[in-house]
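Encoded as structure tokens, the structure appears first; notes follow it.
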There are 2 protein chains.
Amino acid sequence: MAKAPTVQDVARAAGVSRQTVSNVLNAPDIVREPTRERVQAAIVELGYRPHAAARRLRTRRSSTIGVRLDPYAGGISGVVLDRFVHALTERAGDRGMRVLLYAARTPGEEIDRIGDLVDGGEIDAVVLTGTSHEDTRTAWLQDRAVPFVAFGRPWRSGDGARPAHAWADVDGAAGTRAATRHLLGTAGSRIAFLGWPTGSGTGDDRARGWLEAMADAGAEGPRWHTEESLGLARELTAAALAEDPGVDGIVCVSDSLAIGAHLAATGLGRPELPVVGFDNTPAAEALGLSSVEQLPEQVAAGVLDLLMGPTGSAVVHRSPQDDPAYVLVEPRLVVRAPADPVG
Amino acid sequence: MAKAPTVQDVARAAGVSRQTVSNVLNAPDIVREPTRERVQAAIVELGYRPHAAARRLRTRRSSTIGVRLDPYAGGISGVVLDRFVHALTERAGDRGMRVLLYAARTPGEEIDRIGDLVDGGEIDAVVLTGTSHEDTRTAWLQDRAVPFVAFGRPWRSGDGARPAHAWADVDGAAGTRAATRHLLGTAGSRIAFLGWPTGSGTGDDRARGWLEAMADAGAEGPRWHTEESLGLARELTAAALAEDPGVDGIVCVSDSLAIGAHLAATGLGRPELPVVGFDNTPAAEALGLSSVEQLPEQVAAGVLDLLMGPTGSAVVHRSPQDDPAYVLVEPRLVVRAPADPVG
DNA sequence: GAACCGATTTTGAACGATCAAATTCTGTGC
DNA sequence: GCACAGAATTTGATCGTTCAAAATCGGTTC
């Protein structure tokens, strides 16, 4: 296996200088047609590939984005994060960018990691996942002027001391609003909401969609809360439905809770009670439950636009006084008829 | 923000030469104690971080491993792959390695991607996921002498023309064997197996564990097959159980099928019929089903050992005539009692 | 005290690309 | 035919690190 060819080799083969080869690669429009063709032929013939490290060293750009792969769902469910990272990798590749993973157990550790990677010139930007109230990471990144975009809204307590940062997220309220309207139009007016305990940004956002749709329609329905647990959801729903049999449908904050609710309804002899979940997981599909599907692919596209501009091929530094840019993706309601009941 | 310090700056601050600083970083043992301390102090004081690109350029090593993140489960289920990639990132980091993602829709495209990354000096090695019969990727990697390890066995058709490659995998047969023995010991002797259609390496491997355990015990039980679908599993199991009510327990090739089987049994008024799944997904946990848990963290550790040796901090090139090294991780049976029935 | 050896440290060169500035073309106007 | 402007191309320097070889240091030996 011969040594890999360099710009110099290509230049020699094409009878031009190093820099012209470089220009053909990076600014083709300033090279005259015949020259460009000769160089391109030489590139193909020699099988030349630019050496990334040399380019990085000279340009001080790594064309790489860092992402932390969550070990456990931290606000963003496993499948959603998976699809997001995959889409991000794919679209980043189309724009000449790479995605580098890093691991961290705590926000502090994550900051250390990012510091290493940024100072070492390994990444140009970061995509944060699972943002929370008073996130220490965002402040640090802003102070260090590291370009970043968060997947998830800044659930800030409205102090406004810090300038907002760029983010992309799924419009949870729009999802539950659509789900609620669907049930109002097809099942009846008494639609319940089964959510997480208040306080989580994501959960409250989804609850809001139900609230608004109910208010718009002048309808009323009970609101139940429980932890993210199929078993708990089942017990809670069974009790609540027994007490309040007039419920015509249930909008749930997640598929797990929806499955719990569905099992409870089935157990009470009401397998046809419409239940809508959130995330459109394979389990919901298998049981024939309707669900709100997030579209992480679109979030990924939004993240890249925020990071690189609508068409750019390099990370853009945005100044703090820029408008807080964001992208809010509207999810899609997947309507299904429940499979034949168990009991 | 001042320019980042270089080895030169550190050298000046510590009153030594560039190379000595480099030695402190890469071969501390050849530097005299007092000198080393002085240099280390200067590193800390200046907040020096080596510039990765420069190092890569000089050493021709990127200390980076490429991994393709599957969009959909291709033989390896989503959660398992997730945990695997996460563990890989974490352990690679401990060894001074990074994990770079790449996207590809087809094996051919994947080969192109890997070619770009390897020739560009962006990655030193590749971890393949979802290997299949007659995998075109492995041959290409071997020809190009790109170090790689597969997560998943080479399900080769025994031609032996190609030297085997390194791989790490979960011992599916051991998992179903344990599950079968558990049911034989606690439920009865007529244990059924619910698997995928024969022909998939993974599925056949898991079936083998059941077969062997049954043969060892001199027991007999029916063997059913269906696609990976909860709904199909439920229908099939319902029909089969109605016809063959003597079944004492069911070992399943996946959690989805196990849940289908459990729902079928519950529907027939036998909610307590022991069913064991595979993958230990949250759904199985929620329903209180026993399941075989893969340990992708151990697979990740095995992959790194195969790639870098038991303690090394750089990728080791192995020659084709080396023994085909592999790591087979024994999964763990998680025993649960089913939650109270639905019907 | 000179010669010598191994351990430690320093110096010069190189990795392969792009930037910035200098140079050479090309075509136009008079 | 000559000066000139803009386009196209080339040249020299540089990014920050490590390799390879040369130089220096410290301690023994005779």
Side-chain angles (χ1 to χ4, degrees), chain A residues 2-40 42-43 46-64 96 116-122 124 313-314, chain B residues 2-40 42-43 46-63 96 116 118-122 124 313-314:
Chain A
K3 205 174 66 61
T6 71
V7 271
Q8 190 60 270
D9 300 322
V10 175
R12 237 189 309 271
V16 297
S17 71
R18 299 188 313 273
Q19 185 60 39
T20 299
V21 176
S22 173
N23 286 337
V24 169
L25 260 40
N26 302 305
D29 41 310
I30 71 165
V31 179
R32 256 201 311 169
E33 178 76 20
T35 316
R36 197 191 323 153
E37 282 173 5
R38 218 153 13 107
V39 171
Q40 249 143 9
I43 289 178
L46 299 183
Y48 166 79
R49 317 266 186 123
H51 193 96
R55 173 176 284 171
R56 289 180 185 197
L57 177 58
R58 190 63 181 93
T59 62
R60 325 273 325 155
R61 269 191 279 107
S62 63
S63 300
T64 303
D116 286 344
L117 294 174
V118 170
D119 288 344
E122 306 229 46
D124 296 333
S313 64
Chain B
K3 206 172 68 59
T6 70
V7 270
Q8 190 61 268
D9 299 322
V10 175
R12 237 189 308 272
V16 297
S17 72
R18 299 189 311 274
Q19 186 61 38
T20 299
V21 177
S22 174
N23 287 337
V24 169
L25 261 39
N26 303 304
D29 40 310
I30 72 164
V31 179
R32 258 201 311 170
E33 178 76 21
T35 316
R36 198 192 322 155
E37 283 172 4
R38 220 157 6 111
V39 171
Q40 249 143 10
I43 288 178
L46 298 182
Y48 165 80
R49 317 264 187 127
H51 196 273
R55 173 177 284 173
R56 289 180 182 197
L57 177 58
R58 191 63 179 96
T59 62
R60 328 264 336 148
R61 268 191 280 107
S62 63
S63 300
D116 285 344
V118 170
D119 289 344
E122 306 229 47
D124 296 334
S313 64

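Order of the sequence lines sets the chain letters (A, B, ...), proteins ahead of strands, with each chain counted from 1. If you're wondering where the values come from, they're calculated on a predicted model, not measured in any experiment.
Residues satisfying the side chain to side chain contact (heavy atoms under 4.5 Å, CB included) test with B:R60, not counting sequence neighbours, are A:H51. Under the salt bridge (Lys or Arg N to Asp or Glu O under 4.0 Å) criterion, A:R49 pairs with B:D116, B:D119, sequence neighbours left out. Contacts of B:R55 classified as salt bridge (Lys or Arg N to Asp or Glu O under 4.0 Å), with partners at least two apart in sequence or in another chain: none.
A 4.5 Å side-chain heavy-atom check between A:S62 and A:R56 finds at least one atom pair inside the cut-off. The closest side-chain heavy-atom distance from B:V16 to B:V39 is below 4.5 Å. For the pair A:I43/A:L25, a side-chain contact is recorded, criterion being any heavy-atom separation below 4.5 Å from C-beta on. Side-chain contact between A:V24 and A:V21 is absent, with no heavy atoms from C-beta onward closer than 4.5 Å.
Axis angle across the helix from C:dG1-D:dC30 to C:dC30-D:dG1, with five pairs used at each end and values rounded to 10°: 50°.
Applying the 4.0 Å criterion to OP1 and OP2 of C:dG16, one finds that B:R58 has every side-chain N and O outside that range.
Shortest non-hydrogen contact noted between A:S63 and A:G96 is CB-O, 3.7 Å. Scanning both residues, A:L57 and B:A53, for their nearest heavy atoms gives N-CB, 3.8 Å. The two residues B:P5 and B:L46 make their nearest non-hydrogen contact at CG-O, 3.5 Å.
Between the P atom of C:dG16 and the CZ atom of B:R55 lies a distance of 18 Å, rounded to the nearest Å. The distance from atom CZ of B:R12 to atom P of C:dT9 is 19 Å, rounded to the nearest whole Å. Rounded to whole angstrom, the span from the CG atom of B:D119 across to the P atom of C:dG16 amounts to 13 Å. In this structure, the CZ atom of A:R61 is 16 Å from the P atom of C:dA17, given to the nearest Å. The nearest whole Å value for the distance from the NE2 atom in B:H51 to the C1' atom in C:dA17 is 13 Å. Between the CG atom of A:L57 and the P atom of C:dA17 there is a distance of 12 Å, rounded to whole Å. Distance A:R56 CZ to C:dA17 P: 14 Å, rounded to the nearest Å. Between the C1' atom of C:dT9 and the CZ atom of B:R38 lies a distance of 11 Å, rounded to the nearest Å.
Contact footprint of chain A on DNA chain D: nucleotides with an atom under 4.0 Å from a non-hydrogen protein atom, first to last in 5' to 3' order, D:dA8 to D:dG16.
Near DNA chain D, defined here as any heavy-atom distance below 4.0 Å, the residues from residues 16-32 of chain B are B:R18, B:Q19, B:S22, B:N26, listed numerically.
Using modelled atom types, no side-chain atom of B:R18 and backbone atom of B:V7 make a donor-acceptor pair closer than 3.5 Å.
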